[in-house]
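The shown structure was predicted, so the numbers you read here are calculated from the model rather than taken from an experiment.
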Amino acid sequence: MRFGKIDYLNLAPFDVFIKSYPMPSGFKKFLQIHKSYPAKLNQEFLFKRIDAGFISSIAGFHSFIKNKHTKSGIIAKGDVWSVILLPKESKKDYQSATSNALSQVLKLQGEVLIGDKALCYRYANKPHIDMGREWFKTHHTPFVFGLLCYNNHQKLYKKISKEFNAKKIKIPHYILEQYAKKINIDKKYILEYLKHIYYKIDSKEILGLKRFYRQLLFQGIKKPMRFHSLSNLQTSTHSTKKKMQLNINNTAHYNN
């Protein structure tokens with residue numbers, strides 16, 4: 001049971017939850033040593049080097065179509081604080097395929113910055129565009145930045161997701177202290193930031209995902225593929241786009 005972990009503050013509540021969840025010691029050991037940024041975990045997941053993880057939404061497209069995802073994700077309804085665009089020359093963030101694609105979907109120009117780096121940038125009160133806010137202004141749905149997807153052990157991960165969604169997580173003071181020291185921002189700011197993130201996927205979140213996927217197809221924005229390197233993405237023919245569009249429209253959710 002190999003679980004890949006995004007090493008960002010936005011998953012702090014899940015980290016606290018999974019540490020107390022009754023899992024084999026090998027699972028938790030793998031979880032602690034196998035952590036990285038989203039685009040890296042996308043590749044690990046697509047190559048099936050990990051069984052599950054919070055995968056960038058753009059890389060979770062096929063898991064979404066095949067219903068190999070849970071009802072948990074990394075979601076914001078409006079301002080997200082940690083996915084931003086800087087008023088600079090256009091530049092992608094190599095750590096996140098979804099955020100790069102989102103900037104294209106929204107037709108925004110600038111430098112993409114995500115995760116703890118973006119949060120620190122905002123904390124310093126520097127000018128930026130919040131992409132969560134821009135998405136909501138245009139589409140009036142939450143944006144799902146990541147999906148808890150799985151390659152194997154469906155029952156286990158759906159159970160974990162269900163229990164995680166149902167539990168109100170309180171982050172212990174000592175963990176807040178660790179995060180504050182690690183990324184050099186105030187604990188109160190961390191708690192305020194986490195109010196902008198939530199994790200349960202329901203009908204509105206599914207609608208937001210479908211709108212995002214449709215925009216990817218309409219605008220010809222390519223998705224990561226496991227047989228390519230990180231710099232090479234899928235090429236799509238017109239017939240493939242039609243087929244995928246049909247799948248998005250016809251996918252029946254929600255199975256338990």
I want to check something: taking the side chain as every heavy atom from C-beta on, are P13 and I197 in contact at a cut-off of under 4.5 Å? no
Does N152 have more than 12 heavy atoms from other residues, nucleotides or ligands lying within 6.0 Å of its CG? yes
Scan for side-chain hydrogen bond (donor to acceptor under 3.5 Å, both in side chains) pairs involving residues 119-130, sequence neighbours excluded, and state none if there are none. R122-Y189
A side-chain contact here means heavy atoms from C-beta on lying under 4.5 Å apart; do E44 and K40 qualify? yes
My understanding is that only residues two or more places apart in sequence, or in another chain, count here; which of them pass ring-ring contact (aromatic ring centres under 6.0 Å, His included) with H139? W135
Keeping to residues at least two apart or across chains, list the ring pair (Phe, Tyr, Trp, His ring centres under 6.0 Å) pairs with something in residues 157-188. F3-Y157, F14-F164, F17-F164, F164-Y199
Could you tell me whether the side chain of L156 reaches within less than 4.5 Å of the side chain of M23, counting heavy atoms only? yes
For S103, enumerate each residue passing the side-chain contact (heavy atoms from CB on, under 4.5 Å) test, keeping only those at least two apart in sequence or located in another chain. L85, V112, M131
Side chain to side chain, K162 and K71, heavy atoms closer than 4.5 Å: no
Partners passing ring-ring contact (aromatic ring centres under 6.0 Å, His included) against F212 (at least two apart in sequence or in another chain): F143
How would you list, by chain and number, every residue that makes a side-chain hydrogen bond (donor to acceptor under 3.5 Å, both in side chains) with T138, sequence neighbours excluded? none
Would a 4.5 Å heavy-atom cut-off, applied to side chains only, mark I171 and L194 as touching? yes
